[in-house]
Amino acid sequence: MKTQVLIIGGGITGVGLARDLALRGVESVLVERRDICAGASGANHGLLHSGARYVLSDPEAAVECRQESGLLKHLAAHCIEDTGGLFVAVEGDDERYAADFHSLCERVGIPCTPIDVVAARQLEPVLSERLIAAYQVEDASVDPFRLSLDNLSEALELGSRILLHTRVVGFDLENGRIRRTRLVNDQTGEHATIEAEQVVNAAGAWAKEVAALAGAEIEMQYSKGSLLISDQRLARRVINRLRPASDADILVPGGTVSILGTTSLRLATLDRIVPTVEESDSIINAAKAMVPSLETTRFIRAYAGVRPLVGPKRLSDDRVLSRGFALLDHTQDGVANLVSIVGGKLTTYRLMAEKTADLISSRLGVSRPCLTAVTPLKSHAVNQWTAAGFSPRRWMQSHRPDDLLLCECEMVPASAVEVVIDGICRQGGAPSLYAIGRRSRIGKGTCQGAFCGLRINAFLYDRHRLEGRSGLSDLRSFLSARWRGMRPVLWDTALLQEELQEALHCGYLGLELGGTP
């Protein structure tokens with residue numbers, strides 16, 4: 001296979017770059033070792049930053065967030081809920097920081113309006129009675145899956161190609177350039193090579209490992225962040241703790257749920273990225289000062305992602321490392337056609353893609369300008385099932401008696417699963433519970449796949465998408481992944497429900513992890 005540009009990594013930056021290049025008429029192939037949004041792009045809190053969070057610690061990143069969030073609200077409005085946001089301080093918080101916050105925001109051009117604490121509690125009744133200061137900002141929530149999938153779909157329409165479940169295993173270098181990239185498909189075991197004029201390393205937390213395959217070095221730290229998902233929407237707006245960035249200081253509404261987080265824990269390796277009971281307890285104990293009802297809220301799942309932060313190991317606090325991004329030219333490492341784009345945030349993905357595409361285009365002799373700052377992102381119907389609360393609306397509006405409801409918690413019908421499967425196939429993937437779950441709401445409700453996992457597994461057999469014993473392995477893998485998220489938040493009713501799930505899946509189907517079905 002030959003192409004102008006090879007993009008390694010199917011997160012939001014990689015798919016955003018594929019779209020940017022395609023709009024400039026540049027051919028690309030994107031390879032992803034797992035699935036779309038399998039890393040940090042699918043494990044964030046879905047916050048479209050106003051930039052206010054970084055006005056003290058990282059003013060440059062704050063400005064980037066302000067500019068890019070304004071663009072995305074206009075260009076990708078179908079992926080965004082413009083909720084607005086509040087920054088609130090409670091008794092015991094740093095009163096000097098609270099007093100300086102407005103001027104810090106003004107300094108970098110971020111709109112920020114002081115409001116009375118009584119008015120703040122009227123806007124969001126879940127807030128603590130112990131508020132001492134409050135400000136309104138222009139935060140919003142964004143669906144990272146829809147945003148990524150729509151970028152990818154448009155890139156594919158314009159001629160880009162994608163290889164899912166395909167891992168880079170090595171580079172063949174000649175005269176200081178990558179001549180061939182060696183790949184292996186982890187599902188089929190098939191080996192392949194790609195010859196590309198330029199190679200872009202957009203592998204997120206794995207960018208350091210990819211660069212090392214070419215003999216290049218990236219000084220990067222891994223910061224794990226864990227988050228919790230509530231069983232209902234707790235507030236209309238994004239609620240931020242008014243203090244320098246710390247743990248458990250953001251509550252983000254998204255559709256019918258809210259996401260609470262996050263943490264910052266240094267990791268030495270990427271071997272095991274899972275939330276823990278201790279982290280869940282810590283998040284709730286810290287955040288309840290801001291929203292007291294969190295102490296008794298039912299959380300249906302926890303999850304974790306890794307921030308790839310560019311900076312030296314000697315800095316012990318990862319929060320002092322920039323949340324900005326770095327575009328690294330590896331010519332100085334002896335590899336003239338390799339660049340790495342690392343760091344950054346979901347909010348600034350478009351800018352990251354633009355700067356990377358500018359560099360790549362100049363190397364290719366392409367003079368067409370970037371169009372992503374003026375061209376709206378197309379809304380693709382195949383990707384519309386990712387939003388929390390979307391399926392129930394569609395179900396009530398267009399229910400057909402013969403359209404079987406496969407996921408009752410999120411009301412996902414068979415017709416939606418068919419559409420999602422078609423999209424997976426068009427993206428070069430293989431239908432599985434994991435793949436369907438990344439493109440819809442299946443497995444994300446209160447039962448966490450206990451019942452819809454079985455139904456959709458049977459549905460795939462009926463449609464001849466699964467055969468033999470592959471479905472049992474697929475079901476076990478899917479449920480094991482859901483269990484990793486449920487375990488840290490199990491208590492009260494959820495614990496009783498998990499007993500039922502264990503009886504169903506282990507006692508009846510024999511799906512114990514590592515056992516023989």
Side-chain angles (χ1 to χ4, degrees), residues 34-38 42 145 149 164-165 185-188 229 300-301 303 382-386 388 390-392 394-395 399-487 494 497-517:
R34 289 183 290 177
D35 199 356
I36 298 302
C37 284
F145 297 97
L149 290 167
L164 295 178
H165 306 288
N185 185 303
D186 283 336
Q187 290 188 326
T188 66
I229 305 174
I300 59 176
R301 181 173 175 78
Y303 62 97
V382 69
N383 302 325
Q384 64 188 343
W385 299 98
T386 60
F390 177 78
S391 295
R394 288 295 301 269
W395 173 259
H399 169 60
R400 300 194 319 265
D402 62 336
D403 194 5
L404 183 65
L405 195 61
L406 297 181
C407 175
E408 292 180 356
C409 294
E410 296 290 326
M411 298 184 72
V412 182
S415 58
V417 175
E418 286 278 21
V419 171
V420 170
I421 290 173
D422 180 60
I424 294 170
C425 293
R426 275 189 274 166
Q427 294 166 3
S432 67
L433 290 170
Y434 173 82
I436 296 170
R438 301 203 77 74
R439 294 160 177 82
S440 73
R441 296 292 300 172
I442 70 135
K444 295 183 172 67
T446 52
C447 87
Q448 287 290 292
F451 301 107
C452 65
L454 288 169
R455 292 193 188 110
I456 297 172
N457 195 255
F459 181 80
L460 292 173
Y461 272 112
D462 289 342
R463 297 300 188 276
H464 305 290
R465 299 287 186 177
L466 293 172
E467 58 184 21
R469 302 173 74 85
S470 62
L472 290 174
S473 297
D474 186 36
L475 183 59
R476 181 198 289 127
S477 176
F478 177 73
L479 294 173
S480 295
R482 305 320 291 174
W483 163 251
R484 287 194 294 272
M486 287 187 289
R487 181 181 177 275
Q497 190 172 25
E498 183 55 30
E499 292 285 351
L500 172 62
Q501 185 163 337
E502 182 183 26
L504 176 65
H505 297 135
C506 298
Y508 181 60
L509 294 176
L511 290 177
E512 292 92 345
L513 183 63
T516 301

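All values below were derived from every heavy atom in this structure, side-chain atoms included, with hydrogens, water molecules and symmetry-related copies excluded.
- With sequence neighbours excluded, the residues forming a side-chain contact (heavy atoms from CB on, under 4.5 Å) with Ala481 are Arg484, listed by chain and number.
- Across Cys447 and Cys409, no two heavy atoms sit closer than the pair N-SG, 3.6 Å.
- Partners of Gln448 by side-chain contact (heavy atoms from CB on, under 4.5 Å), not counting sequence neighbours, listed by chain and number: Ile300, Arg301, Arg482, Met486.
- Contact between Gly42 and Phe145 at its shortest, heavy atoms only, is O-CZ, 3.6 Å.
- Contacts of Ser432 classified as side-chain contact (heavy atoms from CB on, under 4.5 Å), with partners at least two apart in sequence or in another chain: Tyr434, Ala435, Asp474.
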For residues 497-507, please give each side-chain donor-acceptor pair under 3.5 Å, one per line with the distance, not counting sequence neighbours.
residue, atom, partner, partner atom, Å
Gln497, OE1, Arg298, NH2, 2.6
His505, ND1, Gln501, O, 3.3
His505, NE2, Ala450, O, 3.0

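- Using a distance-only test at 3.5 Å, with no hydrogens or angles considered, a donor-acceptor pair links the side chain of Tyr461 to the main chain of Gly468.
- With sequence neighbours excluded, the residues satisfying salt bridge (Lys or Arg N to Asp or Glu O under 4.0 Å) with Glu408 are Arg455.
- Distance CD/Gln384 to CG/Leu149: 12.0 Å, rounded to 0.5 Å.
- Looking at heavy atoms from C-beta onward, Ile442 lies out of side-chain contact with Leu406 at the 4.5 angstrom threshold.
- When the side-chain hydrogen bond (donor to acceptor under 3.5 Å, both in side chains) test is applied to Arg487, no partner is found at least two apart in sequence or on another chain.
- For Asn457, the side-chain hydrogen bond (donor to acceptor under 3.5 Å, both in side chains) criterion is met by no residue, not counting sequence neighbours.
- Smallest separation of non-hydrogen atoms from Trp385 and Pro413: CZ3-CD, 4.5 Å.
- Using a 4.5 Å heavy-atom threshold, the side chains of Leu475 and Leu509 count as touching.
- Considering only heavy atoms from C-beta on, Cys407 stays 4.5 Å or farther from Arg441 through its side chain.
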Could you pull out all donor-acceptor pairs under 3.5 Å where a side-chain atom in residues 423-431 meets a protein atom, sequence neighbours excluded?
residue, atom, partner, partner atom, Å
Arg426, NE, Asp422, OD2, 3.1
Arg426, NH2, Asp422, OD2, 2.9
Gln427, OE1, Arg439, NE, 3.1
Gln427, OE1, Arg439, NH2, 3.0

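- Legend: salt bridge (Lys or Arg N to Asp or Glu O under 4.0 Å) pairs involving residues 456-468, not counting sequence neighbours, sorted by first then second residue: Glu418-Arg463.
- The CG atom of Asp186 sits 11.5 Å away from the CG atom of Leu164 when rounded to the nearest 0.5 Å.
- Nearest heavy-atom pair, Val412 versus Ala416, reported as atom, atom and distance to 0.1 Å: CG1-CB, 3.9 Å.
- One finds the CZ atom of Phe478 at 9.0 Å from the CD1 atom of Ile436 (value rounded to the nearest 0.5 Å).
- Side chain of Ser480 to main chain of Arg476: a donor-acceptor pair is present (N/O by atom type, distance under 3.5 Å, no hydrogens or angles).
- At least one side-chain heavy atom of Phe459 sits under 4.5 Å from a side-chain heavy atom of Ile421.
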